[in-house]
Every structure is written in structure tokens, then in C-alpha cells.
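In this text the structure is predicted, and so the values were computed from the model without any measurement. Below, chain A is the first sequence line, B the second, and so on; all start at residue 1.
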2 protein chains.
Amino acid sequence: MTTYQAIELDPWVALGDRTRRQIFGLLARRPRSVGELADELPVSRPAVSQHLKVLKGAALVQVRPEGTRRIYAVDADGLAAIRSELETFWSAALTNFKELVEADEPSGTTKEKR
Amino acid sequence: MTTYQAIELDPWVALGDRTRRQIFGLLARRPRSVGELADELPVSRPAVSQHLKVLKGAALVQVRPEGTRRIYAVDADGLAAIRSELETFWSAALTNFKELVEADEPSGTTKEKR
DNA sequence: ACGAACGGTAAGTTACGACTTACCAAGATG
DNA sequence: CATCTTGGTAAGTCGTAACTTACCGTTCGT
């Protein structure tokens, strides 16, 4: 229990790692086996395995057994989840900007003095 | 030179941290000073300062001096950047899914979700 | 000018994430 | 069955991110 063996359900944390984002990018292109991924990355196969575990814990990828191989693919639902969370930030920020532009706000929600 | 004082330009890494995502979420709602942020978070003010430095390095926030206070706000461009990167994953995955669906129709390979 | 408010930086501690190698389990293949 | 392939897991090392407290520079108020 030294590493990210523990359940990691935060997709942001999962994609926060460069290597995992690379893996995710490769899988977005097309599903691949663990070995295939490792071949295209500068890390060992076990490392890829561990990263996949995190991505899977974050519901960003899915596995499909195929003989002795495990074919990984991106999980559309998980991707949609983090996407919508980003949209939340986005719309909140946009709303905020609009209020700033309008500059004079009757409602007391915007003004804050301290 | 102990911490994230170094330039951090990766927005994914920046948002990978829970506290920073909280800060970012607060700023998305409305701009705030460092002290205001620290008041709403379970960490010290210097910690907030350090997180803001990372977010700024990732071009996710902007600063505006106002007296002795520094008003931080989300940077629309930075947010747009990470947003479009996510869209890249999204469209790639969608294309991939379509290919998969179109690919195996004849054989006994049926629908499989999750 | 003095002190308080505000915030950035330094320095140091601590926890944990990202690797590695070694080993083990399970399915294909002869 | 023996063995090769494929991958997940264990154990351990190492670097660094996320905190803390202490300190310092600025700007405002009196």
C-alpha cells in the first residue's frame, strides 16, 4: 500500500498527472492494451498498470478482457462528468464577468465591502 | 525553493489539487482578496498565497491591486485553454466510439455499456 | 511618522505520489 | 502439461507538493 493503490475517485487528480493524461489521450484515440500503452510511454509497464488503476478509479477508463490482454478505453460517462464540472466553472466565470462589465448592480449580492 | 515556488504552467496540475480547485471555484463565483479566500478555507493565508501563485502561473487567475489588498479573479483565457483541451479529448473519444459502433455489426458483438 | 492591515516569501517538516524491480496469477499455445 | 505472454500486485526508494510558522515589504489610517 505504498502508492495510489488506494481508491482515487477524483478525475481532476487523475488527470493532474502528465503521464496519466498521456495515457488518457492515447486511449481517447483508440482503445489499447497495457503493453501497447507502455510501449509508447517512457515508463515501465507496472507504472502504466498503476496509472490505469487510478484512471479507472476516477471512472475515466473502462477495461475489457480479451484473452490474456486487457483492453482499456475511455469511459464516456466519466469524461462527461469532468467536462460538465468544467462547464460549471466556465458559466460561473462568465456570469461574473458580465456583472463586472455592467458595473452597477442594484442587488446586494455583488457588492462587498470590508 | 522548497515548494511550488517554481513556475507551474500546467493548468491540469494546478487544478489537480483540491484546495486550489476550491479557490478557483470561489473565484469563479466572484473575485476575492487573499484574506477572504483564506477565511473560507481550512488552510493558512500563506498557503492560499502559494496556491494563488500556482494558479497564476497556470494562467488560471489574474490579480488586481486594490489598496493593500490583492483582488484575484479567474482568467477567462486560461480557463478557455484547459476547456478546449478537454474538448479535444472529448471529440477524439466520440470519434473513436463511432468507429467502434460502425466497425462490429455483423458478428455476435452486441451492445456493451460499462 | 507610527502602527495596523494585507499579503508575499523563506525555511523547514511531513506526507504521499510516481517510479522502480521482483514476484505471482491467469489465459493462450505448443 | 510446460511455457510463454500479459498484467496486476508487493515492497521499497526518491522527489516534491502541501502545509506550517516566522519574517519582511507596502499601503492605508490616525
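In this entry the distance linking CG of B/D10 with P of D/dT16 reads 16 Å, nearest Å. For the pair A/E36 CD and D/dG7 C1', the interatomic distance rounds to 13 Å; values are reported in whole Å. For the pair A/R70 CZ and D/dT9 C1', the interatomic distance rounds to 13 Å; values are reported in whole Å. Taking atom NZ of residue B/K56 and atom C1' of nucleotide C/dT9, one finds them 15 Å apart after rounding to whole Å. Separating the CH2 atom of B/W12 from the P atom of C/dA18 is a distance of 15 Å, rounded to the nearest angstrom.
Counting all heavy atoms, side chain and backbone alike, B/D75 lies closest to B/A59 at CB-O, 3.3 Å. Nearest approach of A/A93 to B/L79, heavy atoms of both residues: CB-CD2, 4.0 Å.
In the set D/dT9, D/dA18, D/dG7, D/dA18 carries the atom at the smallest distance from any side-chain atom of B/H51. Comparing C/dC6, D/dT20, C/dA28 by their closest approach to the side chain of A/T68 singles out C/dA28. Nearest nucleotide to the A/R20 side chain, out of D/dA18, C/dA18, D/dG7: C/dA18. Relative to the side chain of A/R45, the nucleotides D/dG7, C/dG27, C/dG8 differ in distance, and D/dG7 lies closest. Between C/dC6, C/dC19, D/dC19, one nucleotide has an atom nearer to the side chain of B/T19 than all others, and that is D/dC19. When distances are taken from the side chain of A/P46 to each of C/dT21, D/dC19, C/dG7, the shortest belongs to C/dT21. Taking the side chain of B/Q50 as heavy atoms from C-beta on, and the options C/dA11, C/dC19, D/dT9, the nearest nucleotide is C/dA11. Each of C/dG7, D/dT5, C/dT20 was ranked by its minimum atom distance to the side chain of A/A47; first place goes to C/dT20. When each of C/dG8, C/dG27, C/dC19 is scored by its nearest atom to the side-chain atoms of B/S49, the top-ranked nucleotide is C/dG8.
Under the 30°/60° scheme for interplanar angles, the aromatic rings of A/F24 and B/F89 are found to stand perpendicular.
For the pair A/D17/A/V54, no side-chain contact is recorded, criterion being any heavy-atom separation below 4.5 Å from C-beta on.
Position along DNA chain C of the nearest nucleotide to B/L52 versus A/S44 favours B/L52 as the more 5'-ward residue. Heavy-atom distances to DNA chain C give each of A/P42 and A/E66 a nearest nucleotide, and the one nearer the 5′ end belongs to A/P42.
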